[in-house]
Amino acid sequence: MGWEVIFGFVKRVPKGRVITYGQLARATKLRGGARAAGYAMAACPKGRGIPWHRVVGAGGRILLSEPRASLQRRLLESEGVEFRGSRIEMEGREWFPPKPRKRRPRAQR
DNA sequence: CATCTGACGACCG
DNA sequence: GCGGTCGCCAGAT
């Protein structure tokens with residue numbers, strides 16, 4: 001196996017939320033760090049329902065090259081993700097996997 | 001087996 | 001804010 005763990009993880013990112021390559025790498029304890037996460041996404045198999053567009057660069061930057069960058073932006077905006085300039089408004093949009101915790105102590109903001 | 005090829009990010013000047 | 005350095009993986013040819 002190679003990147004399967006990454007793809008499976010990306011599939012869990014909810015609509016309207018995003019995750020960065022760096023987080024992806026840390027969350028899956030990927031050796032090779034963020035770069036490896038990037039390599040993985042580059043090899044992301046299409047047609048498996050993987051929300052690839054929810055994976056963004058650190059600081060909310062779109063790292064793809066055209067025309068994919070525009071497509072990603074469009075897809076994200078259609079999910080309600082806001083942009084400020086060329087950056088994604090990351091406030092509260094960054095997603096992290098649910099911890100094996102008991103439950104949400106209270107409503108989030 | 002040798003090379004090439006990509007969706008990264010932290011750090012520094 | 002911009003550009004360069006460095007560490008880094010897996011699949012294809």
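For clarity, every value in this text was computed on a predicted model and none was experimentally measured. Chain letters run A, B, ... following the sequence lines, proteins first, then strands; residues in each count from 1.
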Colleague: Tell me what Arg31(A) touches on the nucleic acid: a base, only sugar-phosphate, or nothing, going by heavy atoms under 4.0 Å.
Modeller: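 Answer is sugar-phosphate: Arg31(A) comes under 4.0 Å of backbone atoms only.
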Colleague: Let me know, please, whether Ala43(A) or Gly32(A) comes out on the 5' side of the other along DNA chain C by nearest nucleotide.
Modeller: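 Looking at the nearest nucleotide for each, Gly32(A) comes out on the 5' side.
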Colleague: Counting only heavy atoms not in Glu66(A), do more than 12 fall under 6.0 Å of its CD?
Modeller: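 Buried by this count: over 12 neighbours within 6.0 Å.
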Colleague: Does Glu79(A) reach the main-chain N or O of Val81(A) with its side chain, forming a donor-acceptor pair under 3.5 Å?
Modeller: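 Pair absent, no side-chain N/O of Glu79(A) close to backbone of Val81(A).
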Colleague: Measuring only between side-chain heavy atoms, which start at C-beta, is Pro51(A) closer than 4.5 Å to Lys11(A)?
Modeller: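 The answer is yes, as the side chains (C-beta and beyond) meet within the 4.5 Å cut-off.
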Colleague: Within the 4.5 Å heavy-atom criterion, are Ile19(A) and Phe96(A) side-chain neighbours or not?
Modeller: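 No - every pair of side-chain heavy atoms lies 4.5 Å or more apart.
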Colleague: Nearest whole angstrom, please: distance from the C1' of dA10(C) to the CG of Leu30(A).
Modeller: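 Rounding to the nearest Å, CG of Leu30(A) and C1' of dA10(C) are 11 Å apart.
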Colleague: Quick one: pull up CZ in Arg17(A) and CZ in Arg54(A) and give me the separation to the nearest 0.5 Å.
Modeller: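 The CZ atom of Arg54(A) is 11.0 Å from CZ of Arg17(A), to the nearest 0.5 Å.
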Colleague: Check step by step if salt bridge (charged side-chain N to carboxylate O under 4.0 Å, His left out) holds for Glu77(A) and Arg73(A).
Modeller: CA-CA 6 Å; Glu77(A) 290 180 320; Arg73(A) 176 165 182 155; 3.2 Å; yes
Colleague: Is there any ring-ring contact (aromatic ring centres under 6.0 Å, His included) pair reaching into residues 42-83 of chain A, and which pairs are they, with sequence neighbours excluded?
Modeller: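 Non-adjacent pairs meeting ring-ring contact (aromatic ring centres under 6.0 Å, His included): zero.
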Colleague: Polar pairs (N or O, both sides) under 3.5 Å between protein and nucleotides 2-4 of chain C?
Modeller:
none

Colleague: Please give, in whole Å, the distance from dA7(B) C1' to Gln72(A) CD?
Modeller: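 One finds 8 Å between C1' of dA7(B) and CD of Gln72(A), rounded.
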Colleague: Suppose you measure atom C1' in dC1(B) against the same atom in dA12(C); what distance do you get, rounded to whole Å?
Modeller: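 The answer is 14 Å between these two C1' atoms.
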Colleague: Between dA7(B) atom C1' and Leu24(A) atom CG, what is the distance in whole Å?
Modeller: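 Distance, rounded to whole Å: 11 Å.
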Colleague: Determine whether Val18(A) and Val13(A) make a side-chain contact, defined as any pair of heavy atoms from C-beta on separated by less than 4.5 Å.
Modeller: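 No, their side chains stay 4.5 Å or more apart.
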Colleague: Name all pairs fulfilling the ring-ring contact (aromatic ring centres under 6.0 Å, His included) condition that reach into residues 4-47 of chain A, sequence neighbours left out, sorted by first residue then second.
Modeller: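 Every pair satisfying ring-ring contact (aromatic ring centres under 6.0 Å, His included) with a residue in residues 4-47 of chain A: Phe9(A)-Trp95(A).
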Colleague: Which atoms of nucleotides 8-10 of chain B (N or O only) lie under 3.5 Å from a protein N or O atom, and what are those distances?
Modeller:
unit_1 : atom_1 : unit_2   : atom_2 : d
dC8(B) : O4'    : Ala34(A) : O      : 3.4
dC8(B) : N4     : Arg35(A) : NH1    : 2.9
dG9(B) : OP1    : Tyr21(A) : N      : 3.3
dG9(B) : OP1    : Gly22(A) : N      : 3.2
dG9(B) : OP1    : Ala58(A) : N      : 3.2
dG9(B) : OP2    : Ala58(A) : N      : 2.9

Colleague: Give a yes or no on this: more than 12 heavy atoms of other residues, nucleotides or ligands lie within 6.0 Å of atom CZ of Arg48(A).
Modeller: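 It does: Arg48(A) CZ has more than 12 such atoms within range.
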Colleague: If we only count heavy atoms from C-beta on, is the Leu76(A) to Ile62(A) side-chain gap below 4.5 Å?
Modeller: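 SC-SC contact between Leu76(A) and Ile62(A) confirmed.
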Colleague: Of all the heavy-atom pairs spanning Met90(A) and Gly59(A), show the shortest one and how long it is.
Modeller: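 That would be CG-C, 4.2 Å.
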Colleague: With side chains defined as the heavy atoms from C-beta onward, is the minimum distance between Glu82(A) and Ile88(A) less than 4.5 Å?
Modeller: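 They are not in contact (no side-chain heavy atoms under 4.5 Å apart), so the answer is no.
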Colleague: Please state how far atom CZ in Phe7(A) lies from atom P in dA7(B), giving the value in whole angstrom units.
Modeller: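 Going from CZ in Phe7(A) over to P in dA7(B) covers 14 Å.
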Colleague: Polar-atom pairs under 3.5 Å, protein N or O versus N or O of nucleotides 11-13 of chain B: list them with distances, or write none.
Modeller:
none

Colleague: May I have the distance from Ile6(A) (atom CD1) to dC8(C) (atom P), rounded to whole angstrom?
Modeller: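 Spelled out: CD1 on Ile6(A) to P on dC8(C) is 17 Å.
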Colleague: Short of 4.0 Å, heavy atom to strand atom, which residues of residues 76-92 of chain A count as contacting DNA chain B?
Modeller: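 Those residues whose heavy atoms fall under 4.0 Å from DNA chain B, taken from residues 76-92 of chain A, amount to none.
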Colleague: Looking only at atom P, what distance separates dG7(C) and dG6(B), rounded to whole Å?
Modeller: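 Comparing P positions in dG7(C) and dG6(B) gives a spacing of 22 Å.
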Colleague: Got Leu30(A) and Leu24(A) here, is their nearest side-chain heavy-atom distance under 4.5 Å?
Modeller: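 The answer is no, as the side chains (C-beta and beyond) never meet within the 4.5 Å cut-off.
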